[in-house]
Amino acid sequence: MSQHPSDPYRAPQTAPSAGSLPWRDMRDTTRGPFTTALTSQRPQQSLELAQRYELLNRLGVPPVANEDFDDLARDMAEKAGFLYGFVNLFLEEQTFIGLHQPPADSGYVIVGRTMSRDHGWCPEVMARKKALPLHDVHASPRFSGNAVVDAVGIRSYFGAPLIHDSGTVLGTVCVIDPEMRPLAEARPLRDIVIDASAQVMDHITRAPVR
């Protein structure tokens, strides 16, 4: 992996400070040696993170905001009828290279491009490596207590993993909304995010390999 100072695949040397909301603006991902950022990670997490960076580097996909992924996030959210949609790389932070959300003057919470690895429900999708349909996050105590619930009042979440053919899980796609959904809608909504994950991985793997 390149160690050039402008290498976009290197991790930040210092962790960003927490704000009042779980989301933050996209941080500079070009500072500090990659190995330094891994020292605070548990061994398995460090290995998985290194594998993600290596694969993104090899595929030529920088972990930064991208209009194509924004479009994919918007399409997914609109098909599902959700306010927010994300294409999320699971790096030092959850990094939203694709993002769709309500307009700034809508009265809804406006989110940033990064979020702690511990917040939301995408960490569960990463661990299970399959889609997670939550038509009502309060239906299970396991998923009810969450920083995203507290900050935004989210009631429904549907997410699916981004899994490369090599087996490396790069991140997730997901939609969230402050309104719960009927249980009868859970399967078609799950299918929408699964289809979106396939579209994102097709886009990623069509990027020029270096």
Side-chain angles (χ1 to χ4, degrees), residues 22-23 52 61 65-90 94-103 106-113 115 117-207:
W23 288 279
R52 290 182 198 120
V61 180
N66 181 288
E67 289 185 4
D68 290 340
F69 293 124
D70 284 347
D71 289 343
L72 288 167
R74 182 184 66 250
D75 183 64
M76 173 178 58
E78 290 179 346
K79 286 179 178 177
F82 276 52
L83 288 180
Y84 303 86
F86 304 85
V87 178
N88 175 18
L89 297 181
F90 213 75
Q94 298 182 64
T95 302
F96 308 131
I97 60 173
L99 173 62
H100 172 74
Q101 61 182 322
S106 65
Y108 292 100
V109 172
I110 302 304
V111 305
R113 287 277 183 172
M115 187 171 70
R117 290 166 58 97
D118 300 326
H119 292 164
W121 300 273
C122 287
E124 178 71 16
V125 174
M126 295 292 294
R128 61 194 271 141
K129 299 182 180 180
K130 63 181 181 179
L132 176 64
L134 298 177
H135 74 285
D136 178 7
V137 299
H138 294 311
S140 169
R142 177 180 178 185
F143 299 116
S144 182
N146 197 294
V148 179
V149 174
D150 297 336
V152 192
I154 294 303
R155 289 293 302 273
S156 53
Y157 167 97
F158 288 79
L162 297 171
I163 304 178
H164 186 259
D165 290 342
S166 65
T168 298
V169 185
L170 291 172
T172 68
V173 297
C174 69
V175 291
I176 57 175
D177 198 86
E179 299 294 331
M180 64 174 290
R181 296 299 192 270
L183 180 59
E185 296 181 8
R187 183 177 293 275
L189 289 170
R190 182 205 62 182
D191 291 344
I192 287 172
V193 296
I194 290 175
D195 289 344
S197 70
Q199 293 179 46
V200 170
M201 288 309 304
D202 181 64
H203 191 285
I204 287 175
T205 54
R206 283 190 287 108

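- Between the side chain of N88 and the main chain of V173, no donor-acceptor pair closer than 3.5 Å is present.
- Of all the heavy atoms in D118 and Q94, the pair that sits closest is N-NE2, 4.5 Å.
- Under the side chain to side chain contact (heavy atoms under 4.5 Å, CB included) rule, K79 has a single partner from D195, I192, V175, D191, which is I192.
- Judged by the 6.0 Å and 45° rule, R181 forms no cation-pi pair with Y157.
- With respect to R206 and D202, a salt bridge is recorded, a charged nitrogen being found less than 4.0 Å from a carboxylate O.
- A donor-acceptor pair under 3.5 Å is formed between the side chain of S106 and the backbone N or O of Y108.
- Between the CD atom of E124 and the CE atom of M126 there is a distance of 12.0 Å, given to the nearest 0.5 Å.
- Looking only at distances, no side-chain donor or acceptor of W121 sits under 3.5 Å from a matching main-chain atom of L132.
- Shown here for L170 and R52, the closest heavy-atom pair between the two residues is O-CD, 3.8 Å.
- Between Y84 and H100, the ring center distance fails the sub-6.0 Å criterion.
- None of L134, I176, L83 except one satisfies the side chain to side chain contact (heavy atoms under 4.5 Å, CB included) rule with I154; the exception is I176.
- Put simply, the side chain of T168 never gets that close to the backbone of H164: no donor and acceptor are under 3.5 Å apart.
- Checked for salt-bridge contact, D136 and R155 meet the test: a charged N lies under 4.0 Å from a carboxylate O.
- Contact record, A73 with L99: CB-N, 3.8 Å, taken as the closest heavy-atom pair.
- The two residues G120 and P123 come nearest to each other via the heavy atoms O-CD, 3.8 Å.
- The closest side-chain donor-acceptor pair between S156 and H135, if any, does not fall under 3.5 angstrom.
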